[in-house]
S.K.: 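Got a structure for you, questions after.
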Protein chains: 2
Amino acid sequence: MQQPKKTGFQDVRDEVMRRIETRVWDQGALLPTEAELATEFGCARATVNRALRELADRGVIDRKRKSGTRVTALPVKQAKLEIATARRLVEERNATYRYALVSRRMQAAPGWLGSQMGLTPGTEVLHLEAMHYGDGQPFHFEDRWINIAAVPGCAEADFALKPPGEWLLAEVPFSNADVSFTATAADAALADYLACAPGAALFQMERSTWFQDAPVTFARMTFHPGYRMRSRY
Amino acid sequence: MQQPKKTGFQDVRDEVMRRIETRVWDQGALLPTEAELATEFGCARATVNRALRELADRGVIDRKRKSGTRVTALPVKQAKLEIATARRLVEERNATYRYALVSRRMQAAPGWLGSQMGLTPGTEVLHLEAMHYGDGQPFHFEDRWINIAAVPGCAEADFALKPPGEWLLAEVPFSNADVSFTATAADAALADYLACAPGAALFQMERSTWFQDAPVTFARMTFHPGYRMRSRY
DNA sequence: GAGTGGTCTAGACCACCTG
DNA sequence: AGGTGGTCTAGACCACTCA
């Protein structure tokens with residue numbers, strides 16, 4: 001036997017990627033057509049198409065009808081960030097997770113929240129404050145607002161045991177979100193909750209969530225000093 | 001005419017997604033087989049396969065041979081983060097970009113850098129410090145280290161006009177990276193560069209880059225106070 | 001062993017774009 | 001107008017995994 005396996009789309013994809021990395025095809029260069037590559041690799045055009053489509057999804061090549069396929073000149077790198085629950089983040093670090101509800105009350109949505117979530121101001125919302133711990137150490141403080149109209153069940157849930165994030169994930173599993181990250185100085189309350197000095201630099205994540213265009217929840221997570229969010233690409 | 005267009009894979013994908021969102025198929029539920037869906041939608045199995053593959057890539061469904069396709073119980077949300085150059089970030093805000101090299105020198109890699117990049121300590125590296133401005137205001141401070149062995153050309157480039165990030169992107173376009181985000185307090189030097197008070201909370205991004213397992217560069221970007229990194233999912 | 005998804009094929013038609 | 005990628009089809013075989 002000479003070739004124990006046929007050329008699959010992964011072989012084509014990897015070989016094309018190799019030629020781009022090694023500058024056989026330089027930045028901006030025009031690649032052969034799908035049909036030509038199919039002939040070269042001895043496979044069907046659909047196989048080449050599948051391979052090139054994956055590279056296009058990664059942003060490695062640009063494809064246009066009629067003009068053909070080119071190596072992306074200045075690729076825009078994309079990092080995939082996993083937005084996990086606090087429990088997952090803590091347990092990934094092999095620590096014991098603990099959750100504590102700090103406060104829970106219904107109130108009219110303040111103005112900043114209205115504009116943040118696209119909610120008419122004065123709408124009744126559920127406001128929760130909670131702490132998440134890893135091995136007894138403060139992990140992050142959660143300031144959460146839930147649109148009662150969008151998630152009626154939240155009025156009955158007391159969130160004493162289950163974090164609102166997990167509850168919502170089970171209740172409204174598929175949704176869209178805007179997320180932003182920033183650094184903030186600890187105020188007196190945060191310094192107390194997170195056991196740090198007032199003014200300490202803290203990593204903060206804010207997330208607004210919608211379900212089919214209806215605003216669901218806004219959450220601001222403020223992490224303990226030194227927290228680091230990692231990713232790869 | 002009744003149906004002006006045939007059912008494509010996007011139609012199948014969207015309809016399946018709709019049924020999952022509306023809980024026709026609840027979390028953890030078993031979906032019909034590809035063959036059954038193909039019959040229902042009146043298309044080929046390959047079309048259904050393509051549709052379901054995209055949903056699986058998004059993390060909406062889990063697929064296993066023999067056991068079939070299930071709705072993911074607790075979907076792990078993934079945010080796509082665009083890692084853009086400073087120029088891009090500034091110009092997206094409709095501001096005028098300006099770059100200034102602060103310092104440039106060859107030196108032996110310090111210990112922390114060696115472990116950070118997987119570089120043997122003492123290796124000759126190029127150390128650059130630079131500032132990036134938007135409309136004359138400090139945007140971020142860049143502290144960059146380049147492995148000369150991996151990118152020989154950097155010894156000749158003077159980086160007075162072109163930011164090292166852009167230079168590297170053109171020189172080593174396809175590479176892997178670890179990236180991490182954190183909050184840090186401004187020290188005296190950063191406070192000076194970024195025109196803020198010492199101790200101010202600053203958003204910081206660190207990135208280590210490899211090309212085919214060879215360490216290329218490490219960069220620490222410290223942003224002006226109040227900087228916010230955004231994403232969607 | 002048998003059912004399910006994973007992939008490939010050869011051919012076809014279409015949509016979009018550029019010359 | 002013609003070339004290129006985008007997609008679909010019908011059928012086939014394979015690989016994994018569960019019973």
Side-chain angles (χ1 to χ4, degrees), chain A residues 1-20 25-73 75, chain B residues 1-20 25-73 75:
Chain A
M1 52 180 172
Q2 301 205 2
Q3 303 293 351
K5 51 181 176 180
K6 315 192 306 185
T7 50
F9 79 94
Q10 303 192 19
D11 302 311
V12 178
R13 189 226 305 132
D14 294 345
E15 173 60 15
V16 170
M17 188 65 195
R18 195 191 62 77
R19 292 185 190 175
I20 291 172
W25 293 321
D26 210 338
Q27 294 175 66
L30 190 63
L31 268 61
T33 67
E34 292 189 346
E36 287 167 349
L37 287 171
T39 304
E40 179 196 337
F41 288 110
C43 63
R45 184 168 80 93
T47 305
V48 174
N49 181 277
R50 168 92 186 261
L52 296 186
R53 183 163 12 99
E54 289 205 0
L55 293 179
D57 287 341
R58 289 192 208 171
V60 172
I61 55 179
D62 284 326
R63 320 197 69 193
K64 264 191 237 169
R65 285 162 161 147
K66 171 67 178 179
S67 25
T69 301
R70 290 180 179 280
V71 181
T72 304
Chain B
M1 53 177 167
Q2 301 205 357
Q3 301 294 351
K5 50 181 177 179
K6 315 191 305 185
T7 50
F9 79 94
Q10 302 192 21
D11 302 310
V12 178
R13 191 228 299 133
D14 294 344
E15 172 60 15
V16 170
M17 189 65 194
R18 196 191 62 76
R19 292 186 191 175
I20 291 173
W25 294 322
D26 210 338
Q27 295 177 65
L30 190 62
L31 268 60
T33 67
E34 292 189 346
E36 287 166 349
L37 288 172
T39 304
E40 179 195 338
F41 289 109
C43 63
R45 184 169 80 91
T47 305
V48 174
N49 181 276
R50 168 92 186 263
L52 295 186
R53 186 166 7 103
E54 289 206 359
L55 293 178
D57 286 343
R58 288 190 208 170
V60 172
I61 56 179
D62 286 326
R63 320 196 70 195
K64 263 191 239 171
R65 286 162 157 137
K66 172 69 178 177
S67 22
T69 301
R70 289 179 181 281
V71 181
T72 304

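Per chain, numbering begins at 1; letters A, B, ... match sequence-line order. Here the structure is a predicted model, which means the values were calculated and not measured.
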S.K.: Picking from dA12(D), dT9(D), dC8(D), which would you name as closest to the side chain of Arg45(B)?
M.R.: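 Nearest to the side-chain atoms of Arg45(B), counting from C-beta on, is dA12(D).
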S.K.: How long is the line joining CZ of Arg70(B) and C1' of dT4(C), in whole Å?
M.R.: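 So the two atoms are 13 Å apart, to the nearest Å.
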S.K.: Tell me the interatomic distance from Phe9(B), atom CZ, to dT9(D), atom P, rounded to whole angstroms.
M.R.: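 It works out to 12 Å between those atoms.
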S.K.: Can you tell me how far C1' of dC18(D) sits from CG of Asp62(B), to the nearest Å?
M.R.: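 Asp62(B) atom CG is separated from dC18(D) atom C1' by 17 Å.
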S.K.: Using the side-chain heavy atoms of Thr47(B), tell me which of these nucleotides is nearest: dG6(C), dC8(D), dG5(D).
M.R.: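 Among dG6(C), dC8(D), dG5(D), the one nearest the side chain of Thr47(B) is dC8(D).
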S.K.: Looking at Phe9(A), is its backbone amide N or carbonyl O close enough to the side chain of Thr47(A) to form a donor-acceptor pair, meaning the two atoms are under 3.5 Å apart?
M.R.: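 Judged by distance alone, no pair lies under 3.5 Å.
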S.K.: Of the nucleotides dG6(D), dT9(D), dG2(D), which has the atom closest to the Arg65(A) side chain?
M.R.: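 My answer, after comparing the listed nucleotides, is dG6(D).
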S.K.: Please tell me which of the listed nucleotides, dT9(C), dG5(C), dT7(D), lies nearest to the side chain of Thr33(B)?
M.R.: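 Taking heavy atoms from C-beta onward, the closest nucleotide is dG5(C).
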S.K.: May I have the distance from Glu54(B) (atom CD) to dG6(C) (atom P), rounded to whole angstrom?
M.R.: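 In whole Å, dG6(C) P lies 14 Å from Glu54(B) CD.
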S.K.: Nearest 0.5 angstrom please: Leu37(A) CG to Glu34(A) CD, how far?
M.R.: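 Between atom CG of Leu37(A) and atom CD of Glu34(A) there are 8.0 Å.
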S.K.: Rounding to a whole Å, what distance do you find between Leu37(A):CG and dT4(D):C1'?
M.R.: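 After rounding, the gap between these two atoms is 13 Å.
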S.K.: Between dT7(D) and Gln10(B), is there an OP1 or OP2 to side-chain N/O distance shorter than 4.0 Å?
M.R.: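 For dT7(D), OP1 or OP2 has a side-chain N or O of Gln10(B) closer than 4.0 Å.
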S.K.: Could you tell me whether the side chain of Arg63(A) and the main chain of Thr69(A) form a donor-acceptor pair under 3.5 Å?
M.R.: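 Here the side-chain-to-backbone pair does not exist.
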S.K.: Arg63(B) CZ to dA15(D) P: how many Å, rounded?
M.R.: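 These atoms are roughly 18 Å apart.
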S.K.: dC18(D) P sits how many Å from Leu30(B) CG, rounded?
M.R.: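 Atom CG in Leu30(B) sits about 13 Å away from atom P in dC18(D).
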S.K.: Within this structure, what is the CG-CZ distance for the pair Leu55(A) and Arg50(A), rounded to the nearest 0.5 Å?
M.R.: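 If I round to the nearest 0.5 Å, the distance is 11.5 Å.
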S.K.: Take atom CZ of Arg53(A) and atom P of dG5(D), then tell me their distance rounded to the nearest Å.
M.R.: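 Rounded to the whole Å, the gap is 13 Å.
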S.K.: Can you figure out which of dG5(D), dT7(C), dT17(D) approaches the side chain of Arg50(A) most closely?
M.R.: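 Closest nucleotide to the Arg50(A) side chain: dT7(C).
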S.K.: Relative to the 5' end of DNA chain D, which residue comes earlier, Ala46(A) or Gly68(A), by the nucleotide with the nearest heavy atom?
M.R.: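 Closest to the 5' end, via its nearest nucleotide, is Gly68(A).
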S.K.: For Gly42(A) and for Ser67(A), locate the closest nucleotide of DNA chain C by heavy-atom distance; then report the residue assigned to the nucleotide nearer the 5' terminus.
M.R.: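 Nearest-nucleotide comparison on DNA chain C picks Gly42(A).
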S.K.: State, with a plain yes or no, whether a side-chain heavy atom of Asp57(B) is found less than 4.5 Å away from one of Asp57(A).
M.R.: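 With C-beta onward as the side chain, the pair stays apart.
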S.K.: Phosphate oxygens OP1/OP2 of dG6(D): is one of them under 4.0 Å from a side-chain N or O of Asn49(A)?
M.R.: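 It does, given that an N or O in the side chain of Asn49(A) lies less than 4.0 Å from OP1 or OP2 of dG6(D).
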